[in-house]
Number of protein chains: 2
Amino acid sequence: MTAVTRHSWKDIRNRIHARILDGTYTPGDKLPRDEDIAGELGCARSTVQRAMRDLSDSGTIERRRKGGTHVRADPVTRAIFDIPITRREVEQKGSVYGYQLISQGIAQTPRSVTAKFGLQAPATMLRVQALHLADQGPFIYEDRWVCLQTVPEISNVDLERESANEWLVRNKPYSRCDLRFYAIKASSHDARVLEIAPGEALFVMERTTWIGTKPITTVKAVTTPGYQLLTQI
Amino acid sequence: MTAVTRHSWKDIRNRIHARILDGTYTPGDKLPRDEDIAGELGCARSTVQRAMRDLSDSGTIERRRKGGTHVRADPVTRAIFDIPITRREVEQKGSVYGYQLISQGIAQTPRSVTAKFGLQAPATMLRVQALHLADQGPFIYEDRWVCLQTVPEISNVDLERESANEWLVRNKPYSRCDLRFYAIKASSHDARVLEIAPGEALFVMERTTWIGTKPITTVKAVTTPGYQLLTQI
DNA sequence: AAAGATATAAAGTACGTACTTAATCAAGGG
DNA sequence: CCCTTGATTAAGTACGTACTTTATATCTTT
């Protein structure tokens with residue numbers, strides 16, 4: 001009776017990864033085929049496949065049918081960020097969350113918004129400006145456009161009470177999401193809303209969502225000075 | 001002879017996802033066990049498992065052993081970013097890459113750097129300041145500390161010719177990486193190096209890496225005005 | 001030599017089965 | 001009543017097999 005040792009895919013992954021780390025396989029190198037690795041390490045091919053997918057997901061290797069597996073020649077840092085709804089973010093850092101509607105109204109989308117959605121022509125959408133507060137102080141200012149054709153129900157929502165952020169995230173799942181991060185100098189308007197000095201450097205997160213090809217919403221979330229976004233560990 | 005229809009895990013995932021999108025299962029709801037879904041949709045449990053893992057990875061659902069599968073009550077936007085080495089980034093936007101060493105020297109880590117690594121006491125490390133150029137103009141300024149104990153070989157690298165960025169990424173794989181993004185106002189020093197006006201808002205990416213528990217390097221990469229980081233689609 | 005057809009290699013997928021792990025619940029004992 | 005112990009449940013994993021997909025390479029034909 002041979003003691004049948006079973007190998008977890010994590011072990012297999014670690015052993016392959018270790019070979020990359022120690023230079024057995026260097027960037028650009030081709031790895032043996034799954035089947036050979038399976039034979040060598042004494043496990044099933046499907047276990048190697050599982051390990052390889054993990055390494056592939058993390059950006060360590062690249063796999064192509066027929067082409068085989070290669071150590072990524074051109075390493076990237078692949079990072080995963082979780083952006084929670086603002087209320088949760090505030091509450092998780094132990095602060096009291098607050099919300100204020102600044103203004104809402106229906107208008108034609110300006111060129112910049114039309115472009116973000118990839119639309120040909122301007123559309124009539126709902127614009128909502130609101131402030132999220134932490135411990136009574138400004139935390140994030142959001143400037144949002146919501147597509148009324150895709151989300152007509154938003155008209156029935158009392159945006160004085162419930163933030164568009166939360167209503168949308170709970171009621172309008174999306175199938176596509178574009179995100180972009182950058183820095184801006186606080187305009188006098190930003191400064192007034194966020195109660196800071198004009199000219200401060202502010203971190204901005206922009207998010208645009210669609211369901212299928214239909215636009216849902218685009219938000220520019222302007223954070224207060226000192227805000228940092230961290231990777232999810 | 002029954003025509004045996006085979007179902008791809010992506011189909012299965014889409015059908016489950018569709019039920020979340022259309023409100024059949026709403027946030028917080030418990031989904032049937034994998035086996036029941038498999039029976040209902042006419043596929044193997046392992047196919048459901050594959051579909052579920054994908055939905056779980058994307059943050060749509062949460063799974064717990066014995067606890068079952070639930071639609072995430074508290075939706076997050078989960079984004080994946082690929083941060084390439086700077087040379088590649090410049091070349092990919094069609095510009096000519098350039099690199100200049102500004103200064104290098106050995107020094108005690110200041111409190112902020114010591115803290116980033118989670119060290120108890122300051123350590124002696126190599127500090128490298130350098131500029132990445134795109135089409136002869138400043139693109140990213142990096143201020144880096146490299147742990148000499150973990151990476152003694154760095155001493156033999158000619159940092160006038162090869163950027164620490166590239167040498168490290170090709171020669172020193174890491175097992176842990178912390179990332180943080182934020183905005184700063186350009187100091188007079190930043191402004192001089194990047195050839196911009198002091199007080200500009202700049203987007204900053206900070207990255208700290210370890211191998212096991214040993215620190216490798218920490219970089220503060222200060223981008224030029226207008227820089228945007230986009231999700232990988 | 002260029003273009004197209006065919007073969008082939010390697011990853012990807014699907015399924016069934018059996019076993020493992022972790023969380024939860026219930027029963028029993030102090 | 002609390003704590004421990006054991007049973008149960010559902011996800012997670014491992015494996016073998018068979019089939020599919022997609023690049024790549026080779027061969028044929030014009």
Side-chain angles (χ1 to χ4, degrees), chain A residues 1-17 19-20 24-25 27-74 78, chain B residues 1-17 19-20 24-25 27-74 78:
Chain A
M1 302 214 347
T2 323
V4 183
T5 33
R6 293 207 146 208
H7 300 85
S8 89
W9 67 265
K10 288 184 182 181
D11 286 345
I12 302 296
R13 178 202 58 193
N14 291 345
R15 288 173 69 178
I16 298 168
H17 191 53
R19 292 185 183 183
I20 296 172
T24 307
Y25 307 126
D29 278 5
K30 182 171 184 169
L31 273 66
R33 17 194 302 257
D34 290 7
E35 205 172 325
D36 293 342
I37 294 192
E40 189 195 337
L41 302 185
C43 66
R45 178 164 81 92
S46 52
T47 307
V48 175
Q49 160 82 24
R50 183 74 181 79
M52 288 294 197
R53 187 150 39 76
D54 195 69
L55 290 168
S56 178
D57 283 349
S58 72
T60 308
I61 60 173
E62 276 175 326
R63 280 159 75 76
R64 282 205 324 283
R65 284 175 165 160
K66 164 84 179 178
T69 304
H70 293 258
V71 181
R72 246 187 114 113
D74 171 26
R78 183 162 294 176
Chain B
M1 15 188 290
T2 323
V4 182
T5 32
R6 294 204 147 211
H7 300 85
S8 88
W9 66 265
K10 288 184 182 179
D11 286 345
I12 302 297
R13 178 202 57 194
N14 291 345
R15 289 173 69 179
I16 299 168
H17 191 52
R19 292 186 182 181
I20 296 171
T24 308
Y25 306 126
D29 278 5
K30 181 171 186 170
L31 273 66
R33 8 188 317 248
D34 291 6
E35 204 171 326
D36 293 342
I37 293 192
E40 189 195 336
L41 302 185
C43 65
R45 179 164 82 91
S46 51
T47 307
V48 175
Q49 160 82 25
R50 183 74 182 79
M52 289 293 198
R53 186 148 41 75
D54 195 68
L55 289 168
S56 177
D57 283 349
S58 73
T60 308
I61 59 172
E62 276 177 325
R63 280 160 75 76
R64 283 206 324 283
R65 283 174 167 162
K66 163 84 180 176
T69 305
H70 293 259
V71 181
R72 244 186 117 114
D74 172 24
R78 181 162 296 175

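In what follows, every chain begins at residue 1, and chains take the letters A, B, ... in the order their sequences are listed.
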Between A:H7 (side chain only) and A:G42 (backbone N and O only), is there a donor and an acceptor less than 3.5 Å apart?
yes

For the backbone of B:L55 and the side chain of B:R13, can you confirm whether one donor and one acceptor N or O come within less than 3.5 Å of each other?
no

Between A:T69 and the options A:D29, A:D34, A:I37, the side-chain contact (heavy atoms from CB on, under 4.5 Å) test singles out A:D34

Determine whether B:I20 and B:I61 make a side-chain contact, defined as any pair of heavy atoms from C-beta on separated by less than 4.5 Å.
yes

Would you mind reading off the distance between [X] atom [atom1] and [N] atom [atom2], rounded to a whole angstrom?
| X | N | atom1 | atom2 | result |
| --- | --- | --- | --- | --- |
| A:W9 | D:dC15 | CH2 | C1' | 16 Å |
| B:H7 | C:dC15 | NE2 | C1' | 13 Å |
| A:D11 | D:dG12 | CG | C1' | 15 Å |
| A:L31 | C:dA11 | CG | C1' | 13 Å |
| A:Q49 | D:dT21 | CD | P | 16 Å |
| B:D34 | C:dC15 | CG | P | 14 Å |
| B:R45 | D:dT9 | CZ | C1' | 11 Å |
| A:H70 | D:dA23 | NE2 | P | 14 Å |

Of the options C:dT13, D:dT13, C:dC15, whose atoms approach the side-chain atoms of B:S46 most closely?
C:dC15

Tell me the closest heavy-atom pair linking B:W9 and B:A51, and the distance in Å.
O-CB, 3.6 Å

Within the structure shown, what part of the strands sits under 4.0 Å from B:R53 by heavy-atom distance: base, sugar-phosphate, or nothing?
nothing

Using 0.5 Å steps for rounding, measure from the OG atom of B:S56 to the CZ atom of B:R72.
9.0 Å

Residues in residues 56-67 of chain B with a heavy atom under 4.0 Å of DNA chain D, by number, are B:R63, B:R64, B:R65, B:K66

Looking only at side-chain N and O atoms, does B:T47 come under 4.0 Å of OP1 or OP2 in C:dT13?
no

Per the salt bridge (charged side-chain N to carboxylate O under 4.0 Å, His left out) rule, which among B:R45, B:R19, B:R33 passes with B:E40?
B:R19

